[in-house]
Trainee: 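Below is the structure I would like to discuss, written out as structure tokens.
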Amino acid sequence: MASPILPNTSNFLGVALVVNRLRDGPLFVFHYPPRILQPCAPSSSDNAPRDELDDDDELLNQMDHPPFEAPAGSLPKSVDLQNWNHDDHLETDSGSQIVPWEHVAGYPTKDLESLLTPNRAFHKKLFQVSLEQLCFASYPIYVPENGIWRKKKQPRYQPPKSPENADSASKYGESSILASDVPQIETKDMAEDATGNAPDEADEKKSGMTMFNLVFILNPKKHEAKELAENLYFHIIKKINKAYKYSQQKSDFVWKESKRILALKDKGRESRTKMSTLWKEILDVSSLAASMQDVYDAVSHNKIAALQLETAEGTVTHSVQIPVPFYLTDLPADDDPGSKGLWITTANSFVEEDSLNDPGFLDKNFALLLMSDEKKIIAELQADPDETTAAMVEFVRLSKPTMSFHQIGQGTALSPAQVRKYAQHFIFWRRAIAIPPLHARDIYILSPNSDMSRLPRASQAWSRAFPLAPPLPEFLAAMSAAPRTYKLFAPSKNHRPTYLAMLAWLMRGGWVTQLCTFAYVVVWPEILYEVDYELEGEELLRESRHDEARASFATDTSPEIDSHASSSPPLSSEDPFSPSPLSPESTHTDDRASGEGTSPTAAAAPPMSMTSSTATIRSLRSHPIQTAGEQAAEKARLDRLATRAHREAAEKAAAHARRLPPQRTDHPSINNAPHLAHLSPYVIVDAGRVGERDSRYLSAIGKRLPERVPHPSGTAGGRGKEAVGAGVGGAHLNPRAAWPVFWKYFNGRCALERVALHEDMKRRDAWNLLNSMSEYLICVRHW
């Protein structure tokens with residue numbers, strides 16, 4: 001699985017806000033971070049001869065990062081430009097002032113504000129424009145057609161006034177008020193265009209701001225530009241602009257904050273305030289500017305951006321993020337440091353499409369591992385209570401990395417649907433990850449993707465969390481040795497709960513991963529020979545029966561053919577079973593054909609003899625009468641074909657009779673009989689999806705499996721239902737009965753450690769059945 005293209009400090013340069021007014025036109029309001037430099041591009045003039053470079057090129061080569069492209073005659077002294085810190089104001093030779101915040105990414109803001117103000121056709125659509133290496137992506141928001149941002153209030157429901165519905169009227173009115181006061185930024189766009197011009201809207205003052213546009217400034221690689229822009233658009237840009245639109249509708253938030261920021265910038269220009277000082281002041285007084293800072297700082301470092309907009313009608317909070325995978329299926333490339341330390345596993349990627357749509361499958365195969373302390377998460381939930389807080393707190397308390405979602409849903413506190421809903425919520429907001437349930441009998445190893453640069457700091461946290469445990473480097477060294485069951489690391493059975501908590505801590509940090517077992521079905525030469533022998537015998541039997549039926553038919557029809565030899569052609573050699581032209585079928589067909597186009601009376605008048613003679617005449621015209629010599633030649637040819645077919649069938653039957661009949665042995669894997677030397681073992685890649693021959697192989701293997709295997713504890717059964725492969729009375733296991741159920745897991749993608757979870761069996765029973773089938777399985781181990 002390839003890692004998604006995510007924003008970082010190298011391809012995500014900053015954010016900017018542009019608004020448009022009817023009177024003033026486009027205005028570049030604010031950008032963050034304060035200093036956005038133009039990315040360096042390889043210049044073709046670097047290798048040009050010295051005499052081909054003019055003075056302007058020489059000046060540009062002296063500037064490492066040109067802050068802008070100033071017009072001729074307005075450049076400051078070269079020494080000042082080279083030493084400029086992009087924070088102070090500069091004065092050119094002509095006396096004009098260069099303001100540091102009026103140039104962004106090497107372009108004047110006067111030019112950018114016009115470029116980043118598209119027309120209404122791009123309203124609530126992806127707007128993307130490229131300038132050399134830079135890419136600007138945004139989601140422009142325009143004022144509704146009536147020029148008023150504030151959305152018309154929905155009228156309350158007024159039921160008919162009658163004694164029987166007086167109570168319901170108050171109930172509907174109360175629910176309408178509550179629904180209108182709750183912001184629904186995520187699920188419903190609160191700024192749909194208003195329709196109609198009500199009298200109260202006409203009295204409202206039209207807004208001077210007709211559009212605002214939050215622009216993301218990107219510097220992507222050429223092959224990453226499309227995916228990066230789409231990820232930001234769907235997960236960040238679109239949702240943030242909708243939050244701004246909601247705040248603008250409620251209290252004219254965006255325009256009020258923009259006026260405040262523009263006033264501070266004008267004041268700073270007059271007083272020549274340093275850019276760092278001015279930006280700090282703007283971020284302190286404007287929650288709009290502070291939200292832009294939060295967006296850039298969080299998104300560029302792959303974190304969750306939490307917005308807090310201080311509007312006149314209260315605080316509007318909203319969180320956005322780009323969902324990132326919490327696991328990898330393969331080792332990342334060396335130039336991908338962001339993937340270092342992620343959990344590496346194939347447990348999530350090998351899930352088939354059919355299983356993804358089955359909630360029961362996911363519930364049985366996965367558990368929830370919290371990424372932070374349980375008490376901390378509960379405190380965060382209780383700090384912002386709502387109607388689901390109690391249920392979510394109970395879910396956090398019940399969730400253990402050793403318990404699957406199915407086991408949690410079996411209790412009385414939460415339903416399976418609630419368990420799935422809350423698990424998805426915690427996983428989406430990076431408070432937890434889904435892992436296969438931890439078990440002491442599974443094998444865990446040091447993850448090859450672990451980030452050893454974090455080992456010193458992780459060792460200190462390990463010592464604080466488990467003061468009596470071995471040091472973290474020693475414990476990881478023990479797990480990186482020969483793989484063994486994890487329960488063997490615990491000194492005693494009483495230490496297992498603590499060691500399982502240690503294992504959860506290691507999984508949370510990506511230090512370890514589970515070593516799983518995957519299997520394929522192997523067909524040994526003895527079984528290949530047996531199935532091939534049976535198929536060959538069945539084919540000879542079919543051919544023999546076919547020849548007998550053909551000979552019987554030829555014997556029965558030979559008198560009829562001799563009687564009509566003078567008036568009908570011989571049987572076709574390609575299809576000896578086809579009816580002759582004078583057969584009843586063809587006679588009736590010609591009779592129907594000759595009756596077409598005539599009246600019913602005329603068609604029924606001729607007697608049967610007349611109809612038969614008509615058919616005979618037509619047959620004679622289409623098939624000329626053969627001479628005696630031609631008939632003799634045709635008969636000789638048919639005899640030769642029959643003799644050849646009979647000889648080939650006899651040769652096949654003789655070869656089959658000379659073959660040694662298959663002999664079953666107790667262990668086909670070690671059968672070294674001479675007649676099997678030319679055969680090689682055959683591996684069935686996916687035993688759950690096989691053809692006819694592979695199905696015969698699986699059936700032949702099933703017949704060799706024992707019908708009963710003694711159960712160690714004396715009883716066999718599942719949890720809540722009859723176990724697969726359980727014998728009569730439950731005192732033994734039946735591998736032969738379990739084989740058709742188990743072979744769907746032998747595809748190299750389903751870990752054998754999960755079979756007990758899928759079939760709701762005891763773990764020991766499942767492994768005993770698998771061990772009885774081990775001779776016909778080829779196993780591999782990986783994460």
Side-chain angles (χ1 to χ4, degrees), residues 329 345-358 360-362 364-365 436 514-535 538 662 664-671 676 679-709 718 723-726 733-763 765-783:
T329 58
T345 182
T346 56
N348 303 57
S349 62
F350 282 172
V351 179
E352 298 182 356
E353 293 293 336
D354 298 340
S355 301
L356 286 175
N357 299 326
D358 182 11
F361 177 87
L362 300 177
K364 292 180 179 179
N365 282 270
Q514 183 179 357
L515 187 64
C516 298
T517 308
F518 303 87
Y520 301 92
V521 176
V522 57
V523 186
W524 298 109
E526 177 184 317
I527 302 175
L528 294 173
Y529 183 86
E530 176 184 330
V531 172
D532 185 62
Y533 187 88
E534 293 177 354
L535 291 175
E538 293 175 1
R664 294 187 180 181
T665 61
D666 294 337
H667 299 286
S669 59
I670 58 176
N671 188 352
L676 305 178
L679 297 175
S680 300
Y682 170 69
V683 177
I684 300 178
V685 177
D686 189 351
R689 301 174 181 176
V690 294
E692 180 182 359
R693 182 176 287 269
D694 288 353
S695 179
R696 297 286 290 266
Y697 292 151
L698 294 175
S699 299
I701 293 174
K703 296 176 182 178
R704 285 171 164 77
L705 294 175
E707 290 186 341
R708 60 171 57 196
V709 173
V724 175
L733 300 171
N734 190 345
R736 185 176 298 181
W739 175 250
V741 181
F742 275 29
W743 72 39
K744 62 185 176 183
Y745 303 116
F746 306 144
N747 54 12
R749 296 189 300 273
C750 182
L752 300 186
E753 288 80 1
R754 318 271 192 270
V755 173
L757 295 173
H758 295 174
E759 300 299 332
D760 198 15
M761 298 176 59
K762 291 183 179 179
R763 188 182 182 90
D765 294 345
W767 278 112
N768 286 335
L769 289 172
L770 291 171
N771 288 332
S772 64
M773 306 170 186
S774 59
E775 186 174 2
Y776 307 98
L777 301 178
I778 179 171
C779 298
V780 295
R781 282 183 171 181
H782 60 79
W783 53 77

Trainee: Show the nearest heavy-atom pair for residues Pro706 and Pro735, with the distance to one decimal.
Mentor: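 Of all heavy-atom pairs spanning Pro706 and Pro735, the closest is O-CD, 3.2 Å.
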Trainee: Are the side chains of Asp532 and Arg693 in touch, meaning some heavy atoms are under 4.5 Å apart?
Mentor: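 A side-chain contact exists here, since the closest heavy-atom pair is under 4.5 Å.
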Trainee: If you draw a 6.0 Å radius around CD1 in Ile778, do more than 12 non-hydrogen atoms from other residues or ligands fall strictly inside?
Mentor: no
Trainee: Would you say that Arg736 contacts Arg708 through its side chain, given a criterion of any heavy-atom pair below 4.5 Å between the two side chains?
Mentor: no
Trainee: Could you tell me whether the side chain of Glu526 and the main chain of Thr665 form a donor-acceptor pair under 3.5 Å?
Mentor: yes
Trainee: Any side-chain heavy atom of Arg689 within less than 4.5 Å of one from Asn747?
Mentor: no
Trainee: With sequence neighbours left out, write down each residue that passes ring pair (Phe, Tyr, Trp, His ring centres under 6.0 Å) with Tyr520, or none if nothing qualifies.
Mentor: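 Result, ring pair (Phe, Tyr, Trp, His ring centres under 6.0 Å) vs Tyr520: none returned.
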Trainee: Tell me whether Thr346 contacts the main-chain N or O of Trp783 through its side chain, where contact means a donor paired with an acceptor under 3.5 Å.
Mentor: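 Yes, because the side chain of Thr346 sits within donor-acceptor range (under 3.5 Å) of the backbone of Trp783.
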Trainee: Hey, are the side chains of Pro681 and Pro525 touching, using non-hydrogen atoms and a 4.5 Å cut-off?
Mentor: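 Of all side-chain heavy-atom pairs linking Pro525 with Pro681, at least one is under 4.5 Å.
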Trainee: So Cys516 and Arg754, do their side chains get closer than 4.5 Å, heavy atoms only?
Mentor: yes
Trainee: Where the side chain of Glu530 meets the backbone of Arg664, is there a donor-acceptor pair that is under 3.5 Å apart?
Mentor: no
Trainee: Taking the side chain as every heavy atom from C-beta outward, state whether Trp767 and Leu752 have any atom pair closer than 4.5 Å.
Mentor: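 Counting from C-beta outward, Trp767 and Leu752 do come under 4.5 Å.
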Trainee: Is the closest side-chain heavy-atom distance between Asp694 and Tyr682 below 4.5 Å?
Mentor: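 They are in side-chain contact.
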Trainee: Given side chains that start at C-beta, do those of Glu759 and Tyr745 come closer than 4.5 Å, heavy atoms only?
Mentor: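 When only atoms from C-beta onward are counted, Tyr745 and Glu759 do touch, with a gap below 4.5 Å.
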Trainee: Can you tell me how far CG of Leu698 sits from NZ of Lys703, rounded to the nearest 0.5 angstrom?
Mentor: 12.0 Å
Trainee: Identify the heavy atoms of Ala738 and Leu769 that sit nearest to each other, and give their distance.
Mentor: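 Looking at all heavy atoms of both residues, the closest pair is CB-CD1, 4.0 Å.
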Trainee: Can you see which heavy atom on Thr517 is nearest to which on Cys779, and at what distance?
Mentor: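 Reported closest heavy-atom pair: CG2-CB, 4.0 Å.
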Trainee: Trp739 vs Phe746 aromatic rings, parallel, tilted or perpendicular, using cut-offs 30° and 60°?
Mentor: tilted
Trainee: If every non-hydrogen atom of Ala751 is compared with every non-hydrogen atom of Phe518, which pair is closest and at what distance?
Mentor: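 Answer, listing the atom of Ala751 first, then Phe518: N-CE2, 3.6 Å.
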Trainee: To the closest 0.5 Å, what do you measure between CD1 (Ile701) and CD1 (Ile527)?
Mentor: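 Interatomic distance, Ile701 CD1 to Ile527 CD1, rounded to 0.5 Å: 4.5 Å.
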Trainee: Using the rule given for side-chain contact (heavy atoms from CB on, under 4.5 Å), can you reason through Leu777 versus Val522, listing the C-alpha separation, both sets of side-chain angles and the distance that settles it, and then say yes or no?
Mentor: CA-CA 6 Å; Leu777 301 178; Val522 57; 5.8 Å; no
Trainee: Should the heavy atoms of other residues, nucleotides or ligands under 6.0 Å from CZ of Arg696 be counted, would the total exceed 12?
Mentor: yes
Trainee: To the nearest 0.5 Å, what is the distance between CZ (Arg704) and NE2 (His667)?
Mentor: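 The NE2 atom of His667 is 12.5 Å from CZ of Arg704, to the nearest 0.5 Å.
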Trainee: Roughly how far, to the nearest 0.5 Å, is CG of Asn768 from NZ of Lys762?
Mentor: 11.5 Å
Trainee: To the nearest 0.5 Å, what is the distance between CH2 on Trp524 and CG on Asn671?
Mentor: 11.5 Å
Trainee: Minimum heavy-atom separation for Ser680 to Leu528, with atom names?
Mentor: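 In this case the closest contact between Ser680 and Leu528 is O-CD1, 3.2 Å.
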Trainee: Measure the CG-CE distance between Leu705 and Met773 for me, rounded to the nearest 0.5 Å.
Mentor: 6.0 Å
